[in-house]
Amino acid sequence: MSFLLLLGFANFSLATPLELKRGENYFVIGVGEYDYLPHTGFVNGRFAGFGEAVLTAFAKAKGYTFEYKAVSIPRMFKVFLEDATVDFMYPNNEYWDAEHQRKKGVLFSSPVVTYVDGIVVRPENKKISLAQLKSIGIIKGFDPIQYKDLVKEKKIKMYEHSDVVALLKMVLNKRVQGAYLNPLVAAYYLKTHVKSDEMLVLADKLPFINSSYYFSTIKYSKVLGEFDEFLKKERSLIQKLKIRYGVQDPFLKDSKKYTPPLVSEETSFVTDPLFAEK
């Protein structure tokens, strides 16, 4: 069974399908095979979210065709770095599989969006200390580097699951004290899938990561440079997309007022007034 799943095209080249040439006007983008909306995820099997909106807007601006392919987390870097079956990877970060990426000479864009990953907990556990933390849930394939040693020393029990919603329910039902997630992602799925009035908050006394997502490639430095220029030139559009998808506040300072964005195939820029021709 292949680990690569075709998720669809963002086709804005004037070329016909037979004229598309990989590496010239047609590129394959590797995306993680997991739901992490509103940042990235899937709607009816198609790549969606803030990341898709930015990349597809760039493809439109340059007349490129982007084919999005989902790759399972355990195979992501093998597919990107060794098999070379994808031309770009999003999201990526220089600290993920850092030594391997450095040896392969991976190139990174300017930051696309800031993110936070940490332990989300029930509100009564917001000030929990590391010494008090005994159990966490995590998306299968994620690497919580701040907690690896404690898990290895059996001071913390770690439970893996491939489904974000299942992890959230584990926290709500007190099967684990917290889940290693992005607080925006937790809030999004609580409102849209769990349909719960309860909320989960970032445990700010525990280690967390505050970093950025990047677009990355090994071979196509020219396209990466064009993408950086696009981020600068279309700064206003990127900010509007951050607000539209609710990713402008990575710490989600007021989760009680959080309203999940509508993420669907209809949010594609093809019909979005934000992308109307100037």
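Numbers for residues simply follow the sequence, beginning at 1.
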What's the spacing between [X] [atom1] and [Y] [atom2] if we round to 0.5 Å?
X      : Y      : atom1 : atom2 : answer
Leu55  : Phe227 : CG    : CZ    : 5.5 Å
Lys232 : Ile238 : NZ    : CD1   : 13.5 Å
Ile209 : Asp117 : CD1   : CG    : 6.0 Å
Glu52  : Ile29  : CD    : CD1   : 11.5 Å
Asn125 : Gln132 : CG    : CD    : 8.5 Å
Lys78  : His100 : NZ    : NE2   : 9.5 Å

[X] to [Y] - nearest heavy-atom pair and separation:
X      : Y      : value
Met199 : Pro123 : O-CD, 3.3 Å
Asn182 : Tyr115 : ND2-CB, 3.9 Å
Met76  : Gly30  : CE-C, 4.3 Å
Tyr147 : Pro207 : OH-O, 2.7 Å
Val171 : Gly178 : CG2-C, 3.7 Å
Val43  : Ala48  : CG2-CB, 3.8 Å

Exercise for review: Answer yes or no: are there more than 12 heavy-atom neighbours, outside Lys205 itself, under 6.0 Å from its atom NZ?
Suggested key: no
Practice item. For atom NZ of Lys242, decide whether the heavy atoms of other residues, nucleotides or ligands shown that lie under 6.0 angstrom number more than 12. Key: yes
Side-chain contact test, heavy atoms from C-beta onward, threshold under 4.5 Å: evaluate it for [X] versus [Y] and give yes or no.
X      : Y      : value
Phe50  : Pro38  : no
Leu37  : Tyr245 : no
Lys62  : Phe230 : no
Phe80  : Ile218 : yes
Val106 : Thr217 : no
Met170 : Tyr159 : yes
Val54  : Leu237 : no
Phe208 : Phe251 : yes

**Study point:** From CA spacing to verdict: side chain to side chain contact (heavy atoms under 4.5 Å, CB included), Tyr180, Met158
**Key:** CA-CA 10 Å; Tyr180 186 80; Met158 187 174 76; over 6 Å; no
Qualifying residues under salt bridge (Lys or Arg N to Asp or Glu O under 4.0 Å), relative to [X], sequence neighbours excluded:
X      : value
Asp143 : Lys148
Lys155 : Glu153
Lys219 : none
Asp97  : none

Under 4.5 Å between side-chain heavy atoms, hopping through other hydrophobics if needed: is there a path connecting [X] to [Y]?
X      : Y      : answer
Val165 : Val121 : yes
Val247 : Ile243 : no
Ile128 : Val151 : yes

Strictly below 4.0 Å, N to O, side chains only: are [X] and [Y] in salt-bridge contact?
X      : Y      : answer
Asp83  : Arg75  : yes
Asp204 : Lys127 : yes
Glu82  : Lys104 : yes
Arg122 : Glu198 : yes

Point to revise | Residue that, paired with Tyr36, satisfies ring pair (Phe, Tyr, Trp, His ring centres under 6.0 Å) out of Tyr189, Phe47, Phe142 | key: Phe142
Where does the angle between the aromatic ring planes of [X] and [Y] fall among parallel (under 30°), tilted (30 to 60°) and perpendicular (over 60°)?
X     : Y      : answer
Tyr64 : Phe66  : parallel
Phe88 : Phe215 : parallel
Phe27 : Tyr220 : perpendicular

Practice item. Taking Gln177 for its side chain and Lys134 for its backbone only, find out whether a donor-acceptor pair lies under 3.5 Å. Key: yes
Review point. Looking only at atom types and distance, does a side-chain atom of Asp228 sit under 3.5 Å from a main-chain N or O of Ser109, one as donor and one as acceptor?
Key: no
Review point. Does one side chain, of Glu67 or Tyr26, offer a donor that lies under 3.5 Å from an acceptor on the other?
Key: yes
Review point. Looking only at side chains, do Thr40 and Tyr34 share a donor and an acceptor under 3.5 Å apart?
Key: no
Practice item. Report the residues that fulfil side chain to side chain donor-acceptor pair (under 3.5 Å) with Asn92, sequence neighbours left out, ordered by chain and then residue number. Key: Gln101, Ser216
Practice item. Name all residues meeting the side chain to side chain donor-acceptor pair (under 3.5 Å) criterion together with Lys174; count only those two or more places apart in sequence or in a different chain, and write none if there are none. Key: none
Study note, to complete from the structure: From the list Pro250, Pro111, Ser110, Pro91, side chain to side chain contact (heavy atoms under 4.5 Å, CB included) with Ser212 holds only for Pro111
Exercise for review: Could you check Leu168, Val120, Val164 and say which one makes a side chain to side chain contact (heavy atoms under 4.5 Å, CB included) with Leu190?
Suggested key: Leu168
Review point. Do Tyr213 and His39 have ring centroids that are under 6.0 Å from one another?
Key: yes
Point to revise | Worked verdict on Ser236 versus Gln239 for side-chain hydrogen bond (donor to acceptor under 3.5 Å, both in side chains) | key: CA-CA 5 Å; Ser236 175; Gln239 183 58 30; over 6 Å; no
